[in-house]
Amino acid sequence: MKTRKGYKTYPLTVAQKFHFYYMDYCPKKEVVNIGTSLTIEYELDVDVLRQSIYKAYERCDAMRLRFAYDKKEKKWYQYVVEKEEREIEYVDFTGKTMEEAEAIMTEWTRVPFVREDSPMNRVVIIKTPDGNQGLYLLGDHLILDAQSLICFMRDVIEIYCNAMYEGVEYPKEMRSYIEQLEKDLAYEAGSKAQQKDREFFYKKIEESEPIYNGIDGPGALLEERKKNPKARAAAFISKNVDSALDIFHLEEEPTTRLMKFCEQEHVSLQCLLIMGIRTYLQKMNGNDDVSINVAYARRATLLEKKSGGTRIHSFPFRTIISEDMTFLEGIHTIRNGQNEIFRHTNFDPVEYRAYRSKVYPVEPGRSYEPMSLTYQPMTLKDEGLSKLGDIKYKTKWYPNGATTQAMYLTVMHRPDDNGLDFNFEHQVEAISKEKLEYFYYYMCKIMFKGIERPNLKIGDILKLI
């Protein structure tokens with residue numbers, strides 16, 4: 001397929017294929033939906049806001065993406081349409097409760113997109129029962145991720161501010177999705193960089209077989225070992241993909257303490273979060289060898305940051321950290337391991353998993369990683385809404401109701417106080433809210449005890465919590 005409706009078509013990237021990969025196994029296709037709202041404590045001009053949204057569409061190729069299926073080749077392709085002309089709705093929730101309004105937006109988030117030749121996002125201008133105004137944005141993960149979603153929303157607000165207020169500069173141009181897409185496809189077409197990344201990951205896989213550590217202990221692995229005494233992988237997901245989203249809030253002051261430690265020790269908050277998670281799993285399972293899935297945004301260059309699309313690649317991250325090491329030594333081990341992985345994250349995560357399954361054959365539905373982690377450092381507060389001065393605004397994420405993983409933790413900064421929200425999306429049948437509360441409580445205890453006494457051995461920290 002070379003063209004579609006007069007537009008040049010392109011193959012899917014590895015990041016897009018990864019979403020197709022797990023969506024194929026999921027009966028609920030809304031599993032790839034991302035829904036969020038941004039509302040401002042201010043009376044907005046709806047017509048100007050609508051024009052600002054159209055302008056943001058013009059400036060962002062990725063938000064005008066369409067997909068087409070080639071029946072002969074049995075492959076999906078993508079293309080960018082010139083203009084987004086569909087109507088942008090306005091929904092006034094006045095007279096409803098906040099719970100009712102949020103329930104309606106959650107329902108919107110649970111409607112899968114028509115895949116072929118159709119828009120893969122929906123923007124609605126909303127007025128919430130508390131009098132705030134703003135927008136709800138629903139997107140398919142194949143055309144955006146959390147970072148590109150935030151980037152688009154920020155662009156809408158900056159365009160609006162430029163139109164409404166004197167002295168507010170027009171935002172700098174977005175970058176070309178097609179240009180970045182062509183770079184990604186060139187990498188994937190057997191480049192030297194791809195071969196180097198393949199060699200790195202294959203060597204990493206061949207070192208030794210990982211081992212499963214359960215959220216609530218070694219039960220699943222012990223069950224597996226009744227059939228195979230040497231088993232190191234375990235079944236941990238439910239056949240029922242119905243999910244819930246439970247959010248735990250960490251206040252501004254303790255969040256500031258975590259960030260300060262990271263700054264002093266020259267480590268990212270992602271490293272500290274990994275340290276908290278893997279040490280908890282170490283405590284629950286009695287293993288020094290711990291693996292979890294970690295998502296990498298792959299947005300280092302200006303082109304990558306501002307071209308939109310979906311760029312998340314997720315890889316298993318394995319750490320072998322003994323209880324005799326200090327908390328600080330453990331953090332530095334994680335930082336060094338993360339820095340190593342960062343250099344190779346353009347590689348295909350599906351190929352990674354296929355090769356690992358070849359080296360260590362395990363039954364379908366078994367894994368070494370009990371959960372996935374995403375840390376999202378980018379917020380609207382960074383710069384996008386500073387033009388509005390001290391006007392308060394709210395953001396909210398809505399669950400799509402389905403997940404193929406037992407547990408997916410996304411950690412993000414709240415816009416109002418920059419504290420942290422721990423968003424646990426989990427299969428209802430696989431993990432209860434009580435287990436999550438226990439997990440969150442001890443993960444935080446480990447992190448705070450560690451930053452208070454970083455030279456304490458991990459084994460001693462585990463005795464103190």
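Computation of the quantities below employed the complete heavy-atom set of this structure, encompassing side-chain atoms and omitting hydrogens, waters and symmetry-equivalent molecules.
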Electrostatic pair [X]-[Y], nearest N-O below 4.0 angstrom:
X: Asp460; Y: Lys457; result: no
X: Asp140; Y: Arg122; result: no
X: Arg366; Y: Glu363; result: yes
X: Glu116; Y: Arg4; result: yes
X: Lys83; Y: Glu58; result: no
X: Glu369; Y: Arg356; result: yes
X: Glu351; Y: Arg198; result: yes

Go through it in stages, so that I can follow the logic: the residues are Ile461 and Arg453, the test is side chain to side chain contact (heavy atoms under 4.5 Å, CB included), and I'd like the CA-CA distance, side-chain angles, deciding distance and then a yes or no. CA-CA 9 Å; Ile461 288 172; Arg453 301 178 68 182; over 6 Å; no

Is it true that [Y] and [X] share a donor-acceptor pair across their side chains at a distance under 3.5 Å?
X: Glu429; Y: Asn240; answer: yes
X: Tyr408; Y: Thr403; answer: no
X: Gln180; Y: Asp184; answer: yes
X: Arg298; Y: Thr310; answer: no
X: Tyr187; Y: Asp197; answer: yes
X: Thr36; Y: Tyr136; answer: no
X: Tyr177; Y: Gln78; answer: yes
X: Glu206; Y: Tyr355; answer: yes
X: His426; Y: Asp246; answer: yes
X: Gln338; Y: Gln270; answer: yes
X: Tyr375; Y: His413; answer: yes
X: Ser243; Y: Gln427; answer: no
X: Asn287; Y: Gln282; answer: no

Given the side-chain rings of [X] and [Y], with only the six-membered ring counted for Trp, is the space between their centroids under 6.0 Å?
X: Tyr212; Y: Tyr368; result: no
X: Tyr296; Y: His313; result: no
X: Tyr10; Y: Tyr77; result: no

Salt bridge (charged side-chain N to carboxylate O under 4.0 Å, His left out) between Lys28 and Asp242, worked out: CA-CA 9 Å; Lys28 293 188 168 187; Asp242 288 355; 2.6 Å; yes

With Glu84 via side chain to side chain contact (heavy atoms under 4.5 Å, CB included) - residues at least two apart: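 Side chain to side chain contact (heavy atoms under 4.5 Å, CB included) check on Glu84 returns Tyr57, Arg64, Arg66, Arg86, Pro119.
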
Check: [Y] and [X] side chains under 4.5 Å, non-hydrogen atoms:
X: Glu263; Y: Leu258; result: no
X: Ser291; Y: Asn213; result: no
X: Leu65; Y: Asn121; result: no
X: Leu144; Y: Ile34; result: yes
X: Ile458; Y: Ile321; result: yes

Side-chain donor or acceptor of [X] paired with backbone N/O of [Y] under 3.5 Å:
X: Ser432; Y: Val428; result: no
X: Gln194; Y: Gly190; result: yes
X: Asn285; Y: Lys283; result: no
X: Arg311; Y: Ala15; result: no
X: Glu182; Y: Glu179; result: no
X: Asn400; Y: Asn33; result: yes

Taking the six-membered ring for Trp, are Tyr280 and Phe439 parallel (under 30°), tilted (30 to 60°) or perpendicular (over 60°)? perpendicular

Can Tyr352 and Phe347 be said to form a ring-ring contact (aromatic ring centres under 6.0 Å, His included), step by step? CA-CA 8 Å; Tyr352 174 102; Phe347 192 62; 7.6 Å; no

Report yes or no: is the cationic atom of Lys8 (NZ for Lys, CZ for Arg) closer than 6.0 Å to the six-membered ring centre of Tyr79, at no more than 45° off its axis? no

Checking Phe261 now: which residues fulfil ring-ring contact (aromatic ring centres under 6.0 Å, His included) with it, not counting sequence neighbours? none

Tell me whether [X] at atom [atom1] has more than 12 heavy atoms from other residues, nucleotides or ligands lying less than 6.0 Å away.
X: Gln195; atom1: CD; answer: yes
X: Lys227; atom1: NZ; answer: yes
X: Tyr441; atom1: OH; answer: no
X: Lys183; atom1: NZ; answer: no

For the [atom1] atom of [X] and the [atom2] atom of [Y], what is their distance to the nearest 0.5 Å?
X: Ser238; Y: Gln405; atom1: OG; atom2: CD; answer: 13.5 Å
X: Lys305; Y: Arg299; atom1: NZ; atom2: CZ; answer: 10.5 Å
X: Arg175; Y: Lys306; atom1: CZ; atom2: NZ; answer: 8.5 Å

Given Val411 and Thr374, is the side chain to side chain contact (heavy atoms under 4.5 Å, CB included) satisfied, shown in steps? CA-CA 6 Å; Val411 182; Thr374 296; over 6 Å; no

Does the pair Arg414 and Asp421 meet the rule for a salt bridge (charged side-chain N to carboxylate O under 4.0 Å, His left out), with working shown? CA-CA 6 Å; Arg414 280 189 304 280; Asp421 276 352; 2.7 Å; yes

Verify salt bridge (charged side-chain N to carboxylate O under 4.0 Å, His left out) between Arg318 and Asp289, making sure each step is shown before the conclusion. CA-CA 7 Å; Arg318 183 184 184 186; Asp289 185 348; 2.7 Å; yes

For side chain to side chain contact (heavy atoms under 4.5 Å, CB included), just list the numbers for Met174 and Cys151, CA-CA rounded to whole Å, side-chain angles, deciding distance to a tenth of an Å, and then say yes or no. CA-CA 9 Å; Met174 300 290 278; Cys151 205; 3.9 Å; yes

Pairs involving residues 335-345, ordered by first then second residue, that meet salt bridge (charged side-chain N to carboxylate O under 4.0 Å, His left out) (sequence neighbours left out): Lys204-Glu340

Check the pair Phe422 / Ile247 against side chain to side chain contact (heavy atoms under 4.5 Å, CB included), numbers first and verdict last. CA-CA 5 Å; Phe422 289 74; Ile247 304 171; over 6 Å; no

